[in-house]
Every structure is written in C-alpha cells, then in structure tokens.
Amino acid sequence: MVLRELMHMRASSDGAERAIADYLIAHRSQLGVLSARGIAAEVHVAPSTVVRFCQRLGFDGYASFRAAVQAELSYLISHFDEIDPNYPFDFGDQRLVIAPKIGSLYCEIVDDTLGLIDDDSIDRAVGILGDAAEILVCSTGVELEFAQGFKNKMLKIGCVVTIEPRVSSAFFWASHAGSGDVCFVFLSYSGESERLLRVARRARESRAPVVAITSFGGNSLSEIADVALYVPFRERLERNIGHFAMNISTALLLDIVYACIFNQDHFVNYQSRVETALAYEASKGAASPARPVGNGPLLPIED
C-alpha cells in the first residue's frame, strides 16, 4: 500500500526525504487541499524535490501520488469497522461474547474481500486456471491449509492441483514450466517474501502464467503476477493472534475461483463428481486383499 511504502521510505531516508515523508504521513488526511508547492514551503525544500520524492515511490508526480493516497484512505475508512482482526476479542471476554465477535469479524472480512473483487480479475484468473494442465500452489504461510481444500475440490472435477510448500522445489517447477502447461498460484499476504518472489520471477521467465492472492494496495508479487486477487489489508503480520483476515479471505477467494471454474461446464462437472463419488463408494465394497488374524480366518484389509 502507498502508506506502507511511505512509512518504509521515512525509515530508510534522512535529510529532505525524511522531512517530506514525515510531513506527508502527519498530514495524509489533508492531502486533498495541499499542493506540492505548499508542502515544499512547509518542509523548506524546492517543489521539484517533492515531485522527485513521489516519483521515487513509483508515481508520475505529486498529483498521482495524492490521488492514490486519497483512494487508499477512503478504502480504509469505509472498510475498517469495529472488530480489530489483530485482536478480535478482549482479555476477560466470556465465550458468549467471543462467539459473536468472531462471527462479526467473518462478516466484515467477507464484505471487504467481495468489495475488492472486479469482474476482469476474476475472469482472467478463472481463464488461466481453467486452461492450465496443472496448477501449482506455492506459499510459505498457513494459507496452504486452505489450498488443500481447493485442491480436493478441483481434483473431483478433473483439475490437477499440486501444493508445494518447499520453495526450492517450487523454483525447479518454475524453471521447467512450459507456457500454458503449468499455472502458478502464489499465496502471500505481504507479497514481499523474497523467497516466493524468486519463484514467481522464474515462472514468468519460463512463460508460465502467475496468479497471486495477496494484500490490497500493491506489492512486488502483484506486479509480477498476470493477475492478482486481493485480500483486505487489515492485519499486522508481526502483531496478530490468528491471521483471521488472510485465512478467511484466502478461503473465500479460492472457493469463488473453484465455483466459477465448475460453472464453466456445470453439467459435465456435476455428472463427473456424481459418477466419481459412486465409483468410489462401489470400490469400498469390492473384494479386498486378505490377511490372517492370529490362527483364525483371513479377513479383508481395510484402508
């Protein structure tokens, strides 16, 4: 996010740049009425220095920087409600108080996530994943637990999904991926894990499609990806007690993608699921290899 990058710039700079960053952070809610010239006068630098500062953040100039900050603040104000996802309950809360708080948090995060979805991004993600011969999901976080559910659902409609928690192995996958054969899905809240970024860059070099599920606001992973689906930027990675927001949003987005892929050929996929389930049930009743139990008769071997 812009504000996060601005704070990083303040921490890593000194002199004029530090002064500009300090002023912009302190007066971020007033940027709509502040000009580059006015900011320059306040921090005693030339207006061109303010413009160059904004360019260092990746913007064309001050106007585009100001618009991005205002849009980000508008999002934060409209999406941050009463429940803090970092600490959604208080010390001493009774169980009957904790339960509705967690329920409210789920509702808020779902609403936030849906508010970040646009038709173009979903269409592109579904197209990439639906056309891939194999989907490789890569992450270094707890999100892989939710990827397992996605894998199970996709497998039942004939889509091959591999979950690779080892970054080194994922890098080799990326090195040998052919264009369109393997699609990579990266799950990363920060989008700045250098280990994952190395794999994502390697995948792009191999012309493999890349889909990212990452936090809203822009980061290195979303810039590398062909398409990014966003989770709300509501948690502090280093200070939370449950990764609630990322987990809920990731599960929701993966379920939405699965449902859209399923619905592209709804009746064929439904029939396939039913037939596979029936075949599995029938296989459970088939004769099983036998094994002796003590000196008694042979008994079927159970899974």
Got a sec, which residues hit side chain to side chain contact (heavy atoms under 4.5 Å, CB included) with [X], two or more places apart in sequence or on another chain?
X	value
N263	H266
A147	V137, L144, I163, L187
A19	V43

Calculate, to the nearest 0.5 Å, the distance between atoms [atom1] and [atom2] belonging to [X] and [Y] respectively.
X	Y	atom1	atom2	answer
D181	H176	CG	NE2	13.5 Å
M154	N269	CE	CG	9.5 Å
S249	F216	OG	CZ	13.0 Å
W173	S169	CH2	OG	10.0 Å
R273	L155	CZ	CG	10.0 Å
D111	L116	CG	CG	11.0 Å

Between [X] (side chain) and [Y] (backbone), is there a donor-acceptor pair under 3.5 Å?
X	Y	value
T250	N247	no
T49	V45	no
S206	A208	no
S215	Y189	yes
S222	N219	yes

**Study point:** Under the ring pair (Phe, Tyr, Trp, His ring centres under 6.0 Å) test, residues paired with F65 that sit two or more places apart
**Key:** F59
Revision key, fill the gap. Those residues at least two apart in sequence (or on a different chain) that pass ring pair (Phe, Tyr, Trp, His ring centres under 6.0 Å) with H44 are none
Revision key, fill the gap. Residue pairs meeting salt bridge (charged side-chain N to carboxylate O under 4.0 Å, His left out), one or both in residues 51-69, sequence neighbours left out, come to E17-R56
**Study point:** Where at least one partner belongs to residues 213-228, residue pairs that pass salt bridge (charged side-chain N to carboxylate O under 4.0 Å, His left out), sequence neighbours excluded
**Key:** R204-D226
Is there a path of hydrophobic side-chain contacts, each under 4.5 Å between heavy atoms of I, L, V, M, F, W or Y residues, that connects [X] with [Y]?
X	Y	answer
V185	F172	no
V210	V160	no
L114	I248	yes
I117	L252	yes
Y270	I157	yes

Partner set under salt bridge (charged side-chain N to carboxylate O under 4.0 Å, His left out) for [X], not counting sequence neighbours:
X	answer
D120	R124
R37	none
E194	R201
E42	none

Minimum-distance pair of heavy atoms, taken over all atoms of [X] and [Y]:
X	Y	result
C183	V211	SG-CG2, 4.2 Å
C54	Y62	SG-CA, 3.7 Å
I261	C159	CG2-SG, 4.5 Å
L196	C138	CD2-SG, 3.5 Å
S193	T140	OG-OG1, 4.4 Å
F184	A203	CD1-CB, 3.9 Å

**Study point:** Salt bridge E164-R166, side-chain N to carboxylate O under 4.0 Å
**Key:** yes
Review point. Would I20 and V50 count as a side chain to side chain contact (heavy atoms under 4.5 Å, CB included) if you check the C-alpha gap in whole Å, the side-chain angles of each, and the deciding distance to 0.1 Å?
Key: CA-CA 7 Å; I20 294 171; V50 176; 4.2 Å; yes
Review point. What do the steps show when you test V51 against Q55 for side chain to side chain contact (heavy atoms under 4.5 Å, CB included), and what is the final call?
Key: CA-CA 6 Å; V51 173; Q55 290 172 340; 3.8 Å; yes
Point to revise | Flag for S121-D118: side-chain donor and acceptor within less than 3.5 Å | key: yes
Review point. Quick one: side-chain hydrogen bond (donor to acceptor under 3.5 Å, both in side chains) pairs with a partner in residues 144-154, sequence neighbours left out?
Key: Q148-N152, K153-D255
